[in-house]
Q: 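Okay, here's the structure, questions in a sec.
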Amino acid sequence: MPSLGRLHLITDTRAGRDPLAVLRAVLPVAHTQLVVQVRVEDSATDRQAYELTRQVLALGAPYGVPCLVNDRLHVALATGAAGGHVGADDLPVAAAREVLGPAAVLGATAREPATALAAVTAGASYLGVGPCRATATKDGLPPPIGVAGLRAVVEAVEVPVIAIGGVTAADVPELRAAGAYGVAVVGALSGAADPARAAAELVRALT
Ligand SMILES: Cc1ncc(COP(=O)(O)OP(=O)(O)O)c(N)n1
Ligand SMILES: Cc1ncsc1CCOP(=O)(O)O
Ligand SMILES: [Mg+2]
């Protein structure tokens, strides 16, 4: 697997958001560390997920930026994306690895060491760990695990740990010190007044 970027931009497809405009702004300043995860609302159709993924791939290709697809692994396969990300309500990690094949990037969500280790054993190549902080971006999340919870997972596994949930550039030093390899964000970029500037700050903090 080629080395993983440290800044994972997760698309924000909520009403009023423009994920492709955010991506266009972020690419020139963050491409060396960027991974884009296409995440659509549960109510979105597969066709919508497919079209968005194709657009993300087209924008990212000139920069060599990999694209992963959240949940919908058939969309990842159909578009030639680099891989996917699964959590507790999605395909089990071992099944996801079967679907994507050995070379794909496969992320799995974990919030504590035992499930993290199980996900890695089942074939995850990185872990998305959180929520680290409180966030309004996703409903129904369990309480934040904080930096201590993140560190516990980091110490249990040898794959890159990507911290997620309410993460801003100001959090990065503490998360990196706890062993996070990188961060995944929605609001820190999609909700920023100046996404390019926010991305540059995140990259600076991460590298
Ligand atoms: C990098 C990263 N980490 C965690 C998640 C969350 O995945 P999941 O728990 O399956 O929740 P949904 O995103 O599918 O709502 C993620 N997407 N990316
Ligand atoms: C999808 C997801 N899973 C755990 S937190 C989260 C949302 C992250 O969004 P934000 O960076 O805006 O808190
Ligand atoms: Mg999921």
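Counting starts at 1 for both ligands and their atoms, in listed order.
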Q: Verify side-chain hydrogen bond (donor to acceptor under 3.5 Å, both in side chains) between His74 and Tyr50, making sure each step is shown before the conclusion.
A: CA-CA 9 Å; His74 53 301; Tyr50 174 81; over 6 Å; no
Q: Can you find a heavy atom in the side chain of Val120 that is under 4.5 Å from one in the side chain of Glu158?
A: no
Q: Checking only N/O/S atoms, does Asp90 have one that is under 2.8 Å from the Mg ion (ligand 3)?
A: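 It does: Asp90 brings an N, O or S atom closer than 2.8 Å to the Mg ion (ligand 3).
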Q: Enter the distance from Ile10:CD1 to Ser190:OG here, rounded to the nearest 0.5 Å.
A: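 Taking CD1 in Ile10 and OG in Ser190, the distance rounds to 11.5 Å.
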Q: Please state which option from Lys138, Arg72, His85 has its nearest heavy atom closest to atom 12 (P) of ligand 1.
A: Lys138
Q: Heavy-atom distances under 4.0 Å decide this one: backbone, side chain, both or neither, for Arg39 against ligand 2?
A: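 Arg39 to ligand 2: side-chain contact only, backbone stays beyond 4.0 Å.
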Q: Is the closest N or O pair between Val167 and ligand 2 shorter than 3.5 Å?
A: no
Q: To which protein heavy atom is atom 13 (O) of ligand 2 closest, and what is the distance rounded to 0.1 Å?
A: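 The closest one turns out to be Thr135 OG1, 2.5 Å.
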Q: Does only the side chain of Ile10 get under 4.0 Å from ligand 1, or the backbone, or both, or neither? Count heavy atoms.
A: side chain
Q: I'd like to check which ligand 2 atoms, numbered from 1 as shown, lie under 4.0 Å from a non-hydrogen atom of Gly187.
A: 10 (P), 11 (O), 12 (O)
Q: For Val185, take its heavy atoms, then give the atoms of ligand 2 lying under 4.0 Å from any of them.
A: 11 (O)
Q: For atom 12 (O) of ligand 2, what's the nearest protein heavy-atom neighbour? Residue, atom name and distance, please.
A: Thr137 OG1, 2.4 Å
Q: Answer with side chain, backbone, both or neither: which part of Val186 has a heavy atom less than 4.0 angstrom from an atom of ligand 2?
A: both
Q: Using a 4.0 Å heavy-atom cut-off, say whether Gln37 meets ligand 1 through its side chain, its backbone, both or neither.
A: side chain
Q: If we count only N and O atoms by modelled type, under 3.5 Å, do the side chains of Thr11 and Thr13 hold a donor and an acceptor together?
A: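 Distance-only check fails for Thr11 and Thr13.
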Q: Who gets closest to atom 10 (O) of ligand 1 by heavy atom: Asp90, Val40, Asn70, Leu141?
A: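 Looking at heavy atoms only, the winner is Asp90.
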Q: Any chance you could measure His8, atom NE2, to Ile162, atom CD1, to the nearest 0.5 Å?
A: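 Answer rounded to 0.5 Å: 3.5 Å.
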Q: Any idea which protein heavy atom is nearest atom 2 (C) of ligand 2, and the distance to it?
A: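 Among all protein heavy atoms, the one nearest atom 2 (C) of ligand 2 is Ile164 CD1, 3.7 Å.
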Q: Please determine whether any non-hydrogen atom of Gly166 lies less than 4.0 Å from an atom of ligand 2.
A: yes
Q: Please could you name the atoms of ligand 2 that Leu141 approaches to less than 4.0 Å, counting only its heavy atoms?
A: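 Per the distance check, 4 (C), 5 (S).
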